[in-house]
Amino acid sequence: MDINRMTQKSQEALQAAQTKAVRYGHQQVDVEHLLLALLEQPEGLVPRLFQRMDVPVANLEQAIEAELERLPRVSGGAAEAGKVYVTQKLQKLLVRAEDEAKRLKDEYVSVEHLILALLDQGTDTPAGRVLAQFGVDRDRFLAVLTQVRGSQRVTSAMPEAAYEALEKYGVDLVAQARSGKLDPVIGRDDEI
């Protein structure tokens, strides 16, 4: 997979996953490291999508951390400083994520493609089993993704910033009017 065909957030997640592996004393970067990195991204799309699915993100993070604690650690002379390898499961996930991007006619592999690829693995990985325990499946994830993303395609290296842009930066005047939060004087000609 060409890392230049990944969005900035996807690249950041892979780098964070590698850092997590080193911090945990693991020789390999695996799917669980990547999922935890995606969940911890500041203002990331993945936590927002899970929140919309009513998944308690903090509890999900703890469950993934517990899975990482179970993995064997390497220390001392056997561990080369900062040298970690990508597992075959993670390599397959990255290839599947690229396939997901193509299927959705996207030009870059974004964080949602990584999650979809992870969900495709089912319960073959500890991360997949944890997601299943929290009720996250492909259909639910796609439904929420469609709500957030709409018909937008990933055509830049920073598409996540464009999702929900109106909700983040705009003001819904209709909603404010319905809730009585608009000043009733505005718009009346006789008051001018």
Side-chain angles (χ1 to χ4, degrees), residues 1-42 44-47 49-50 55 57 60-75 78-134 136-142 145 149 153-160:
M1 157 167 249
D2 181 6
I3 196 144
N4 295 319
R5 302 301 315 161
M6 297 182 82
T7 64
Q8 183 177 346
K9 289 287 187 186
S10 294
Q11 291 179 25
E12 289 171 5
L14 277 175
Q15 290 170 341
Q18 182 178 3
T19 301
K20 288 185 181 315
V22 170
R23 287 200 175 126
Y24 274 95
H26 300 152
Q27 279 189 305
Q28 298 181 320
V29 183
D30 211 341
V31 174
E32 292 72 30
H33 297 102
L34 180 61
L35 178 56
L36 186 58
L38 288 167
L39 290 170
E40 292 178 347
Q41 278 187 330
L45 178 63
V46 172
L49 291 172
F50 285 159
V55 173
V57 176
L60 181 56
E61 286 178 16
Q62 289 173 350
I64 295 299
E65 288 170 349
E67 291 296 332
L68 288 172
E69 289 291 339
R70 291 186 182 116
L71 295 175
R73 297 173 187 262
V74 177
S75 62
E80 292 184 51
K83 192 166 189 174
V84 293
Y85 303 94
V86 175
T87 65
Q88 188 172 3
K89 287 186 291 186
L90 184 55
Q91 287 175 353
K92 286 181 182 179
L93 181 139
L94 295 175
V95 170
R96 283 183 183 166
E98 194 170 28
D99 293 342
E100 285 291 339
K102 289 176 186 171
R103 190 180 68 73
L104 294 172
K105 296 178 176 58
D106 291 326
E107 296 174 24
Y108 290 84
V109 175
S110 186
V111 295
E112 64 265 28
H113 302 123
L114 296 171
I115 294 295
L116 286 168
L118 194 157
L119 291 169
D120 280 348
Q121 291 180 341
T123 56
D124 292 345
T125 64
R129 287 189 289 278
V130 169
L131 287 174
Q133 289 171 0
F134 281 85
V136 178
D137 62 27
R138 182 180 178 84
D139 292 337
R140 275 187 75 204
F141 185 80
L142 270 174
L145 178 62
R149 182 173 155 169
R153 291 182 41 238
V154 180
T155 58
S156 73
M158 294 185 62
E160 295 89 352

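Because the structure is a prediction, the values reported are computed rather than measured.
Residues E65 and Y24 share a closest heavy-atom pair of CG-OH, 3.6 Å. Across Y108 and A101, no two heavy atoms sit closer than the pair O-CB, 3.7 Å. Listed here is the closest heavy atom pair of A97 and A117: N-CB, 3.5 Å. Annotation for L38 and V111: closest pair CD2-CG1, 3.5 Å, computed over non-hydrogen atoms.
At least one side-chain heavy atom of E100 sits less than 4.5 Å from a side-chain heavy atom of R103. Within the 4.5 Å cutoff, the side chain of V46 has no heavy atoms near those of the V57 side chain. By the 4.5 Å heavy-atom criterion applied to side chains, V84 and Q27 are not counted as neighbours. A heavy-atom distance below 4.5 Å is found between the side chains of L35 and L131. For the pair L116 and L104, the minimum side-chain heavy-atom distance is below 4.5 Å. D99 places none of its side-chain heavy atoms less than 4.5 Å from the side chain of H113.
Here the side chain of S110 pairs no donor or acceptor atom with the backbone of T7 at under 3.5 angstrom. H33 contributes no side-chain N or O that, together with a main-chain N or O of T19, makes up a donor-acceptor pair within less than 3.5 Å. Without hydrogens or angle criteria, T123 side chain to G128 main chain gives no donor-acceptor distance under 3.5 Å. When atom types are taken as modelled, the side chain of E32 and the backbone of A127 share a donor-acceptor pair closer than 3.5 angstrom. Listed for the Q11 side chain is a donor-acceptor partner under 3.5 Å among the backbone atoms of I3. In terms of modelled atom types and a separation under 3.5 Å, the side chain of T125 and the main chain of Q121 share no donor-acceptor contact.
When the salt bridge (charged side-chain N to carboxylate O under 4.0 Å, His left out) test is applied to E98, no partner is found at least two apart in sequence or on another chain. E107 is linked by a salt bridge (charged side-chain N to carboxylate O under 4.0 Å, His left out) to R153, counting only residues two or more places apart in sequence or in another chain.
Residue R23 places its CZ atom among 12 or fewer non-hydrogen atoms of other residues, nucleotides or ligands, all under 6.0 Å distant. Surrounding CD of E69 are more than 12 heavy atoms belonging to other residues, nucleotides or ligands, all under 6.0 Å away.
Put simply, CG on L34 and NZ on K89 are 12.5 Å apart, with the number rounded to the nearest 0.5 Å. Interatomic distance, CG of L118 versus CZ of R138, reported as 11.5 Å (0.5 Å rounding). Rounding to the nearest 0.5 angstrom, the gap separating the CG atom in L119 from the CG atom in D137 is 7.5 Å. Rounded to the nearest 0.5 Å, atoms CG (L90) and CG (L114) are 9.0 Å apart. Atom CG of residue L49 and atom CZ of residue F141 lie 5.0 Å apart, to the nearest 0.5 angstrom. In this structure, L94 CG and R96 CZ are separated by 11.5 Å, a value rounded to the nearest 0.5 Å.
The pair D106-R149 meets the salt-bridge criterion, with a side-chain N (NZ, NE, NH1 or NH2) lying under 4.0 Å from an Asp/Glu carboxylate O. Ion pairing between a basic and an acidic side chain is recognised when a charged N comes within 4.0 Å of a carboxylate O; R129 and E67 show no such pairing.
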Q8 vs E12, side-chain hydrogen bond (donor to acceptor under 3.5 Å, both in side chains): CA-CA, chis, key distance, verdict
CA-CA 6 Å; Q8 183 177 346; E12 289 171 5; 3.0 Å; yes

Given the rule in the salt bridge (charged side-chain N to carboxylate O under 4.0 Å, His left out) test, do E40 and K20 qualify, once you have shown the distances and angles that lead to the verdict?
CA-CA 11 Å; E40 292 178 347; K20 288 185 181 315; 2.5 Å; yes

Criterion side-chain contact (heavy atoms from CB on, under 4.5 Å) on L45 and E112, from CA distance to verdict
CA-CA 8 Å; L45 178 63; E112 64 265 28; 3.3 Å; yes

